[in-house]
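Right, one structure below, let's go through it.
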Amino acid sequence: MINDKENIKQGVGVWLFNPSGQVLMGLRLSKHGFNTWSAPGGKPEKNESLFDTAIRETFEETGIVLKLHTLRFIAITEDFFPDSHYLTAHYRVDNVSSVPRVMEPNKCKEWRWFDLDKLPKNLFVSAKNLLNQKVFGDS
């Protein structure tokens with residue numbers, strides 16, 4: 001029998017940018033990444049595409065409704081945590097003018113827009129890994 005901790009899991013991160021070029025980050029309260037800042041995202045449900053996961057998770061976490069055609073694939077990160085291993089697909093959405101709401105107060109303390117050059121230091125593992133790929137320039 002394969003131990004679940006040995007399986008590689010899938011994740012999705014959605015990088016929402018407002019018209020001023022700021023990115024939306026939430027302060028995590030869940031055990032997985034507690035007290036780190038992360039883009040909206042999560043894990044796919046059974047038979048759900050990664051694009052659909054991105055749309056669903058963004059809405060569930062922020063109340064922001066996305067359309068499929070606005071999602072742009074950025075990169076994949078390989079993310080190692082003490083008890084798990086993820087491959088995370090990251091997507092970008094530009095010109096988001098909706099106001100984010102904390103929809104899951106047990107998982108996220110707040111949502112805040114940040115300039116890319118002024119991101120908090122305590123970033124979620126997959127966010128750090130993506131930024132290390134320099135996909136947004138020298139951020």
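Atoms considered below: every heavy atom in the structure, side chains included; atoms not considered: hydrogens, waters and symmetry mates. We're numbering straight along the sequence, starting at 1.
With Leu16 as the partner, the side chain to side chain contact (heavy atoms under 4.5 Å, CB included) test is satisfied by one option alone out of Ile64, Asn95, Val23: Ile64. Of the candidates Thr53, Asp52, Asn47, Asp52 is the only one forming a side chain to side chain donor-acceptor pair (under 3.5 Å) with Ser49.
In this structure Lys128 satisfies the salt bridge (charged side-chain N to carboxylate O under 4.0 Å, His left out) test with no other residue, sequence neighbours excluded.
Tyr91 and Phe51 have their aromatic ring centers within a separation under 6.0 angstrom. A centroid separation of less than 6.0 Å is found between the aromatic rings of Phe114 and Trp37.
In plain terms, the two heavy atoms of Val93 and Val96 that are nearest each other are CG1-CG2, 3.7 Å. Nearest heavy-atom pair, Val102 versus Glu110, reported as atom, atom and distance to 0.1 Å: CG2-CA, 3.8 Å. Residue Trp15 comes nearest to His90 through the heavy atom pair NE1-ND1, 3.1 Å, listed as atom of the first residue, atom of the second, then distance. Heavy atoms only, all atoms of each residue included: Ile55 and Leu66 are closest at CG2-O, 3.7 Å.
Taken to the nearest 0.5 Å, the NE2 atom of His32 stands 7.5 Å off from the CG atom of Asp83. Here the straight-line distance linking atom CG of Leu29 with atom NZ of Lys31 works out to 15.0 Å at 0.5 Å rounding. The structure places CD of Glu78 at 6.5 Å from CD1 of Ile8, a figure rounded to the nearest 0.5 Å. Atom CE of Met103 and atom OG1 of Thr62 lie 7.5 Å apart (nearest 0.5 Å). Between the SG atom in Cys108 and the CG atom in Leu27 there is a gap of 7.0 Å [rounded to 0.5 Å]. Rounding to the nearest 0.5 Å places OG1 of Thr36 at 5.5 Å from CZ of Arg28.
In the hydrophobic clustering of ILVMFWY residues, with side-chain heavy atoms under 4.5 Å counting as a link, Phe80 and Leu87 come out apart.
Through direct or indirect side-chain contacts shorter than 4.5 Å among Ile, Leu, Val, Met, Phe, Trp and Tyr, Tyr86 is connected to Phe81, Phe124, Val125.
For Phe59, the CZ atom sits in a loose shell: 12 or fewer heavy atoms of surrounding residues, nucleotides or ligands are nearer than 6.0 Å.
Counting only distance, with no hydrogens or angles, the side chain of Asp115 and the backbone of Asp117 share no donor-acceptor pair below 3.5 Å.
Look at Glu61 and Lys107 and you find no salt bridge, because none of the NZ, NE, NH1 or NH2 atoms lies under 4.0 Å from a carboxylate O. A salt bridge does not link Lys43 to Glu57: none of the charged side-chain nitrogens sits closer than 4.0 Å to a carboxylate oxygen.
Looking only at atom types and distance, the side chain of Asn129 has no donor-acceptor partner in the side chain of Ser126 under 3.5 Å away. A donor atom on one side chain and an acceptor atom on the other are found under 3.5 Å apart for Thr88 and Asp79.
Under a cutoff of 6.0 Å and an axis angle of 45°, Arg92 and Phe17 form a cation-pi pair.
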